[in-house]
Amino acid sequence: MKPPLVLTVAGSDSGGGAGVQADLKTMLALGVHGMSVLTAVTAQNSRGVQGVWELPAEAVRAQYRAVVDDIGVQAVKTGMLATAALVETVAELLAGTPGVPVVVDPVGVSKHGDPLLAESALDSVRTKLLPAATVATPNLDEVTQLTGVRVEDESDMRPAAEAVLSYGPRWVLIKGGHLPTGREAVDLLTDGTEEHWLRAPRHDNRHTHGTGCTLASAIASGLAKGLTVPEAVREAKEYVTGAIAAGFALGSGIGPVDHGWRTR
């Protein structure tokens with residue numbers, strides 16, 4: 001029997017900790033078949049991003065059609081899209097595969113603060129990409145970038161979620177890992193009616209490169225397996241929490257989470 005099929009549409013990370021590389025490692029660890037559409041190439045290591053080269057829209061379109069038209073897909077995850085042209089191209093492609101769940105990680109900056117989305121692309125993310133999302137997974141900086149809402153404590157997470165939901169995703173997961181919440185990392189998942197607060201131990205480990213990519217890919221993997229959105233997010237939260245705990249030093253900066261922690 002073939003495994004569930006999940007497609008990542010994202011940029012590469014030459015250091016192997018985030019981007020398409022992290023997505024495919026996550027998918028393999030969670031028992032799905034990962035496929036990829038590359039949107040950009042980055043020169044990247046544990047210290048940051050040294051260069052970014054976007055692929056032309058026709059290359060992104062050709063990769064997507066090659067995979068979907070022949071192999072098929074049961075869930076899509078989007079990550080770094082870089083430009084308005086690529087955002088709009090991907091949104092158009094997603095519209096052509098109705099019924100397939102989509103996890104949108106609205107990547108704006110890298111772990112080191114390097115910009116990965118042009119300012120001119122923000123409106124396209126709001127009006128073209130987020131309405132296609134089954135689940136959107138912004139971190140706190142991305143919430144502010146997209147909506148202007150600042151999240152400084154747990155009480156700000158609900159209005160932040162409402163602001164993101166106003167752009168049309170079915171669900172939003174506000175990731176609160178950067179909040180000063182003591183021993184717990186707190187996230188809020190909501191569709192505007194249901195609320196699920198997810199709490200996990202905060203691990204004292206600075207090697208957290210790739211957490212956002214990993215979480216979004218884990219959610220997409222769960223959806224491809226037929227889980228509900230809350231079930232997929234809870235499973236993904238458990239997986240990424242273990243990956244953070246096992247994150248390891250690589251290079252002289254911030255190392256990656258350990259995608260294979262369950263088999264160590």
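The figures here come from the full heavy-atom set of this structure, side chains too, leaving out hydrogens, waters and symmetry mates. In what follows, residues are counted from 1 in the order of the sequence shown.
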**Study point:** Pair T97-V68, side-chain contact (heavy atoms from CB on, under 4.5 Å): steps then yes or no
**Key:** CA-CA 9 Å; T97 49; V68 172; 3.7 Å; yes

Review point. Are any non-hydrogen side-chain atoms of V6 and S217 less than 4.5 angstrom apart?
Key: no

Exercise for review: Output every pair passing salt bridge (charged side-chain N to carboxylate O under 4.0 Å, His left out) with a member in residues 239-248, not counting sequence neighbours, ordered by first then second residue.
Suggested key: none

Check your understanding: In this structure, which one of L7, V76, V20 forms a side-chain contact (heavy atoms from CB on, under 4.5 Å) with V37?
Key -> L7

Point to revise | V41 and L55, any side-chain heavy atoms less than 4.5 Å apart | key: yes

Check your understanding: How would you list all residue pairs meeting salt bridge (charged side-chain N to carboxylate O under 4.0 Å, His left out) that involve residues 22-32, not counting sequence neighbours?
Key -> D23-K77

Revision key, fill the gap. Taking every heavy atom of L250 against every heavy atom of G15, the minimum-distance pair comes out as CD2-O, 4.1 Å

**Study point:** For L5 against G72, the heavy-atom pair lying closest together
**Key:** CD1-O, 3.7 Å

Check your understanding: What pairs with E194 under side-chain hydrogen bond (donor to acceptor under 3.5 Å, both in side chains), at least two apart in sequence or on another chain?
Key -> H196

Exercise for review: Check step by step if side-chain contact (heavy atoms from CB on, under 4.5 Å) holds for V143 and N139.
Suggested key: CA-CA 6 Å; V143 167; N139 63 28; over 6 Å; no

Check your understanding: Any donor-acceptor pair under 3.5 Å linking the side chain of Q74 with the backbone of V100?
Key -> no

Review point. Does E58 pair with R65 as a salt bridge, N-O distance under 4.0 Å?
Key: no

Check your understanding: Under 3.5 Å, is there a donor-acceptor pair between the side chain of D70 and the main chain of A66?
Key -> no

Exercise for review: Determine, using the 4.5 Å side-chain heavy-atom cutoff (strictly less than), whether L28 and I71 are members of one ILVMFWY cluster.
Suggested key: no

Point to revise | CD-CD distance between Q44 and Q21, expressed to the nearest 0.5 angstrom | key: 8.5 Å

Point to revise | Side-chain (R206) to main-chain (G253) donor-acceptor, under 3.5 angstrom | key: yes

Practice item. Name all residues meeting the salt bridge (Lys or Arg N to Asp or Glu O under 4.0 Å) criterion together with D191; count only those two or more places apart in sequence or in a different chain, and write none if there are none. Key: none

Check your understanding: Can you name the nearest heavy-atom pair linking V151 to L179, along with the distance?
Key -> O-CD2, 3.9 Å

Check your understanding: How long is the span from the CH2 atom in W53 to the OG1 atom in T42, to the nearest 0.5 Å?
Key -> 8.0 Å

Practice item. With sequence neighbours left out, write down each residue that passes side-chain hydrogen bond (donor to acceptor under 3.5 Å, both in side chains) with W197, or none if nothing qualifies. Key: E195

Exercise for review: Ignoring hydrogens and angles, tell me if any N or O in the side chain of S12 forms a donor-acceptor pair with the backbone of S14 under 3.5 Å.
Suggested key: no

Review point. Of all residues at least two apart in sequence or in a different chain, which pass the side chain to side chain contact (heavy atoms under 4.5 Å, CB included) check with V229?
Key: T134, V135, W171, L189, L223, V233

Review point. Should V240 and I254 be counted in the same cluster of Ile, Leu, Val, Met, Phe, Trp and Tyr side chains packed under 4.5 Å apart?
Key: no

Review point. Quick one: side-chain hydrogen bond (donor to acceptor under 3.5 Å, both in side chains) partners of S124, sequence neighbours excluded?
Key: E88

Check your understanding: Taking the side chain from T137 and the backbone from A216, do they hold a donor-acceptor pair closer than 3.5 Å?
Key -> no

Exercise for review: Report yes if some heavy atom in the side chain of L130 is under 4.5 Å from a heavy atom in the side chain of V125; otherwise report no.
Suggested key: yes

**Study point:** Pair D13-H209, side-chain donor/acceptor within less than 3.5 Å
**Key:** yes

Review point. Should L227 and L30 be counted in the same cluster of Ile, Leu, Val, Met, Phe, Trp and Tyr side chains packed under 4.5 Å apart?
Key: no

Review point. Which distance, rounded to the nearest 0.5 Å, do you find between the CD of Q63 and the CZ of R61?
Key: 12.0 Å

Exercise for review: Could you list the residues that satisfy side chain to side chain contact (heavy atoms under 4.5 Å, CB included) with A85, not counting sequence neighbours?
Suggested key: T83

Check your understanding: Is P4 close to H33 at the side-chain level, that is, under 4.5 Å between some pair of heavy atoms?
Key -> no

**Study point:** Flag, side chain of N205 to backbone of I244, donor-acceptor distance under 3.5 Å
**Key:** yes

Check your understanding: For the side chain of E54 and the backbone of V52, is there at least one donor-acceptor N/O pair under 3.5 Å apart?
Key -> no

Exercise for review: Run the salt-bridge test on R202 and E184 with the 4.0 Å N-O cut-off and return the result as yes or no.
Suggested key: no

Check your understanding: Backbone N or O of M27 within a donor-acceptor pair of the S221 side chain at under 3.5 Å?
Key -> no

Exercise for review: With the side chain counted from C-beta on, respond yes when L117 and M80 share a heavy-atom pair under 4.5 Å apart, and no when they do not.
Suggested key: no

Practice item. Answer yes or no: is there a donor N or O on one side and an acceptor on the other, between the side chain of W261 and the main chain of G247, under 3.5 Å? Key: no

Check your understanding: How many angstroms lie between atom CG of L198 and atom OG1 of T241, to the nearest 0.5 angstrom?
Key -> 9.0 Å

Revision key, fill the gap. Closest heavy-atom pair, A75 versus V73, reported as atoms and distance to 0.1 Å, is O-CG2, 3.1 Å

Review point. Could you state the interatomic distance from OG1 (T89) to OH (Y64), rounded to the nearest 0.5 Å?
Key: 12.0 Å

Review point. For L38 and G11, which heavy atoms make the closest approach, and how far apart are they?
Key: CD1-C, 4.0 Å

**Study point:** Sequence neighbours excluded, every pair satisfying salt bridge (charged side-chain N to carboxylate O under 4.0 Å, His left out) that has a member inside residues 123-143
**Key:** none

Practice item. May I have all residue pairs that pass salt bridge (charged side-chain N to carboxylate O under 4.0 Å, His left out) and include part of residues 224-244, sequence neighbours excluded? Key: D187-K237, K225-E235

Point to revise | Contact check, side chains of T8 and S36, non-hydrogen atoms, under 4.5 Å | key: yes

**Study point:** For G31 against P3, the heavy-atom pair lying closest together
**Key:** O-CB, 3.8 Å

**Study point:** Between CE on residue M157 and OG1 on residue T190, distance to nearest 0.5 Å
**Key:** 11.0 Å

Point to revise | Path from L215 to V172 over hydrophobic side-chain contacts below 4.5 Å | key: no

Review point. Under a 4.5 Å side-chain heavy-atom rule over Ile, Leu, Val, Met, Phe, Trp and Tyr, are V104 and L86 clustered together?
Key: yes

Check your understanding: When you check the side-chain N and O atoms of T214 and H259, is any donor under 3.5 Å from an acceptor?
Key -> yes

Review point. Given side chains that start at C-beta, do those of V257 and H207 come closer than 4.5 Å, heavy atoms only?
Key: no

Point to revise | With sequence neighbours excluded, residues passing salt bridge (Lys or Arg N to Asp or Glu O under 4.0 Å) with K175 | key: D105

Practice item. List the steps and the verdict of side-chain contact (heavy atoms from CB on, under 4.5 Å) for T78 and T39. Key: CA-CA 10 Å; T78 71; T39 59; over 6 Å; no

Exercise for review: Go through the structure and list residues passing side-chain hydrogen bond (donor to acceptor under 3.5 Å, both in side chains) with S166, not counting sequence neighbours.
Suggested key: none

Review point. Any chance CZ of R262 has more than 12 other-residue heavy atoms, nucleotides or ligands included, within less than 6.0 Å?
Key: yes

